[in-house]
There are 2 protein chains.
Amino acid sequence: MYADTIMKKTYSEENYLKAIYHIDQNGLKVSPKAIAAALDNNPASVIDMIKKLQEKLLISYDKVKGAKLTASGQASALDIIRKHRLWEVFLVEKLGYDWDEVHDIAEQLEHIQDDRLAAKLDAFLGNPSFDPHGDPIPAENGKMPVYANIRLSDLEVGNKGKVGSVRDTSTPFLKYLKQLQLGLGSSIEVLDKLEFDQSMIISINSGPAQTVSSKMTSNILLIPG
Amino acid sequence: MYADTIMKKTYSEENYLKAIYHIDQNGLKVSPKAIAAALDNNPASVIDMIKKLQEKLLISYDKVKGAKLTASGQASALDIIRKHRLWEVFLVEKLGYDWDEVHDIAEQLEHIQDDRLAAKLDAFLGNPSFDPHGDPIPAENGKMPVYANIRLSDLEVGNKGKVGSVRDTSTPFLKYLKQLQLGLGSSIEVLDKLEFDQSMIISINSGPAQTVSSKMTSNILLIPG
DNA sequence: TTTATTAATTAGGTTAATCTAATTATATAT
DNA sequence: ATATATAATTAGATTAACCTAATTAATAAA
């Protein structure tokens, strides 16, 4: 059997790959303890599975650096996350569940095995880019959609978002952002919006209220939620 | 814990209940051997599970009479079959699969656990009575809709019927039907019946005469007229 | 740097669901 | 009725995924 053959993964292996991906995305070290916490099981069990996933070339592992997904491990993890999020869209949009009720069902549905299922579901749902929680749905090739796609100027009063990108990259603008202590990843809450000139009163990273112009708000792209 | 408490069943237990139901429906004795054949496993494994299902009061078992579902065992079996058939409708009607491609996927989907899922899926699909193979979908209370129940093999020469369902939903059989251009709703006329092997000469949708075996005709159920 | 704490790992078990091989029971055929 | 074939059952292993308890390694504190 070839090393790059896509081997069928067990339900449990898939859950480990997903957990490893998420822990890594959070910028944490992927330790046996962290994985055990994520999967609500025992570090000793995790060690067993780490060995198995290493043999299958899905992860590498080093006591000090923790676990890292290989290219094929990452592809698998993204495939599962893709399916999870597509099913969440289905459950909310088509079956009428609330967004806070679908996680456990999607945890089961994500493991359904069929070569064409994700693509067909994706098409049926109209190729959504985000799940009901605002999390991006990886494409078939594993690419994540560009997430920042809501202008701050379009955000309603009382809503929040995280800065994903800026449309104006001129020096004066970026200097202004620096002065506001606003960078990629900053959380913004809209406290108020003034009708007469569309300027906003916002809080950056839960800091003090600040007034910003419509020119500013139309150049900030946010990750919703 | 009360005896009539609905206990969560494992994936495997659900498959046994379903197999027992189907074997019984076919009028056969539900023996360890028959169950093993249906599940493609070993009679010794079946004996173990028979004991377990007996303890859980889902079946009764007698060496001579075979296994019988108890009321709660039958309710469970019908619930799984209901989910299986609802998912088949979803896969064909909504995702665009062909009817001969959905069995294996529905085998997985039928085990998804959520109290409200079947009802929501049922409503979303418009409360269908039959799955894409023409098999009746049990209602929430376990009641089966009345359906086509005359076998093609029992039809007299010169009579006609419309295909209402097929009793064998295996991929090879469905592929054969596809090749014959025979689907649900197809009209069939019996042109002749050969005494020596019970094979028939039929016309599908007023098409050319074709010879089909008794094995084929005993697996086609017709709505008379 | 030695101690205390926490994390990683090993060793040995458990459970569910399977298996093979051997045995016992039932059914069939002469 | 006895031999033969087939089915049911028992006994004992195996595998995947988990566990607890003991040990070793690494990190943090005194």
Side-chain angles (χ1 to χ4, degrees), chain A residues 1 7-20 23-24 26-69 73 76-77 80 107-108 110-111 113, chain B residues 1 7-20 23-24 26-69 73 76-77 80 107-108 110-111 113:
Chain A
M1 194 175 298
M7 287 203 285
K8 215 158 80 184
K9 280 140 214 102
T10 65
Y11 190 105
S12 190
E13 285 167 3
E14 291 189 345
N15 282 336
Y16 274 87
L17 293 174
K18 194 166 51 115
I20 291 167
I23 293 165
D24 186 63
N26 282 9
L28 302 170
K29 178 181 156 187
V30 187
S31 61
K33 183 181 149 84
I35 297 172
L39 297 176
D40 194 24
N41 68 6
N42 192 295
S45 312
V46 174
I47 295 283
D48 288 348
M49 185 60 90
I50 281 175
K51 285 175 185 160
K52 192 175 163 193
L53 295 175
Q54 264 183 306
E55 272 164 30
K56 292 192 170 192
L57 305 177
L58 293 164
I59 66 168
S60 61
Y61 178 66
D62 171 298
K63 191 189 301 195
V64 179
K65 294 185 176 179
K68 296 280 173 214
L69 293 169
S76 294
I80 300 154
E107 287 281 302
Q108 300 173 63
E110 71 193 8
H111 301 292
Q113 307 268 2
Chain B
M1 194 176 294
M7 287 203 284
K8 215 160 80 183
K9 280 140 214 101
T10 65
Y11 190 106
S12 191
E13 285 167 3
E14 292 190 343
N15 282 336
Y16 275 87
L17 293 174
K18 195 165 50 113
I20 290 168
I23 293 165
D24 186 64
N26 281 9
L28 302 171
K29 178 181 156 187
V30 189
S31 62
K33 184 182 149 82
I35 297 172
L39 297 176
D40 195 25
N41 69 5
N42 193 296
S45 312
V46 174
I47 296 283
D48 287 347
M49 185 59 91
I50 281 176
K51 286 175 185 160
K52 192 174 163 192
L53 295 175
Q54 264 183 303
E55 273 164 29
K56 292 192 171 192
L57 305 178
L58 294 164
I59 65 169
S60 61
Y61 178 66
D62 171 298
K63 191 188 298 194
V64 178
K65 294 183 175 178
K68 296 280 173 214
L69 293 169
S76 293
I80 300 154
E107 287 282 301
Q108 301 173 61
E110 71 193 8
H111 301 292
Q113 307 269 2

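Every chain is numbered from 1, with letters handed out A, B, ... down the list of sequences.
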Original post:
At under 4.0 Å, does any side-chain N or O of B:T10 touch on OP1 or OP2 of C:dA16?
Top reply: no

Original post:
With sugar-phosphate meaning primed atoms plus P, OP1 and OP2, does A:Y11 contact a base, only sugar-phosphate, or nothing at under 4.0 Å between heavy atoms?
Top reply: nothing

Original post:
Taking only residues two or more places apart in sequence, or in another chain, which ones meet B:N26 in a side-chain contact (heavy atoms from CB on, under 4.5 Å)?
Top reply: B:L28, B:R167

Original post:
Roughly, in whole Å, what's the span from CD1 in B:I35 to P in D:dA7?
Top reply: 14 Å

**OP:** Taking salt bridge (charged side-chain N to carboxylate O under 4.0 Å, His left out) as the test, write out the residues that go with A:K52, two or more places apart.
**Re:** A:E13

Original post:
What's the CD-P distance between A:E55 and D:dA17, to the nearest Å?
Top reply: 12 Å

Subject >> Residues in salt bridge (charged side-chain N to carboxylate O under 4.0 Å, His left out) contact with B:K65, at least two apart in sequence or another chain >> reply: none

Could you list the donor-acceptor pairs under 3.5 angstrom formed by side chains in residues 37-44 of chain B, with sequence neighbours left out?
unit_1: B:N41; atom_1: ND2; unit_2: B:Y16; atom_2: OH; d: 3.0
unit_1: B:N42; atom_1: OD1; unit_2: B:A44; atom_2: N; d: 2.8

**OP:** Looking only at non-hydrogen atoms, find the nearest pair between A:I59 and A:A67 and report the distance.
**Re:** CD1-CB, 4.3 Å

Subject >> Bracket string, DNA chain D, 5' to 3' - pairs by Watson-Crick or G-U geometry under 3.5 Å, | interstrand >> reply: ||||||||||||||||||||||||||||||

Subject >> Whole angstrom value for the distance that separates P of D:dA16 from CG of A:N41 >> reply: 17 Å

Show the distances under 3.5 angstrom between N or O atoms of the protein and N or O atoms of nucleotides 6-10 of chain C.
unit_1: C:dA7; atom_1: OP1; unit_2: A:K33; atom_2: NZ; d: 3.2
unit_1: C:dA7; atom_1: OP2; unit_2: A:K33; atom_2: NZ; d: 3.2
unit_1: C:dA8; atom_1: OP2; unit_2: A:K33; atom_2: N; d: 3.1
unit_1: C:dT9; atom_1: OP2; unit_2: A:Y61; atom_2: OH; d: 2.7
unit_1: C:dT10; atom_1: OP2; unit_2: A:K51; atom_2: NZ; d: 2.9

**OP:** Output yes when at least one side-chain N/O atom of B:Y16 is less than 4.0 Å from OP1 or OP2 of C:dT18, else no.
**Re:** yes

Subject >> Interatomic distance where CG belongs to A:D40 and C1' belongs to D:dA17 [whole Å] >> reply: 14 Å

Subject >> salt bridge (charged side-chain N to carboxylate O under 4.0 Å, His left out) involving B:K29 - partner list, sequence neighbours excluded >> reply: none

Original post:
So, is A:S12 close to the D:dA16 phosphate, meaning a side-chain N or O under 4.0 Å from OP1 or OP2?
Top reply: no

**OP:** Would you please name every residue forming a salt bridge (charged side-chain N to carboxylate O under 4.0 Å, His left out) with A:K18, sequence neighbours left out?
**Re:** A:E107, A:E110

**OP:** Quick one: list whatever passes side chain to side chain donor-acceptor pair (under 3.5 Å) with B:K51, sequence neighbours left out.
**Re:** none

Original post:
Is the backbone N or O of A:Q113 less than 3.5 Å from a side-chain atom of B:Q108, with the two atoms forming a donor-acceptor pair by type?
Top reply: yes

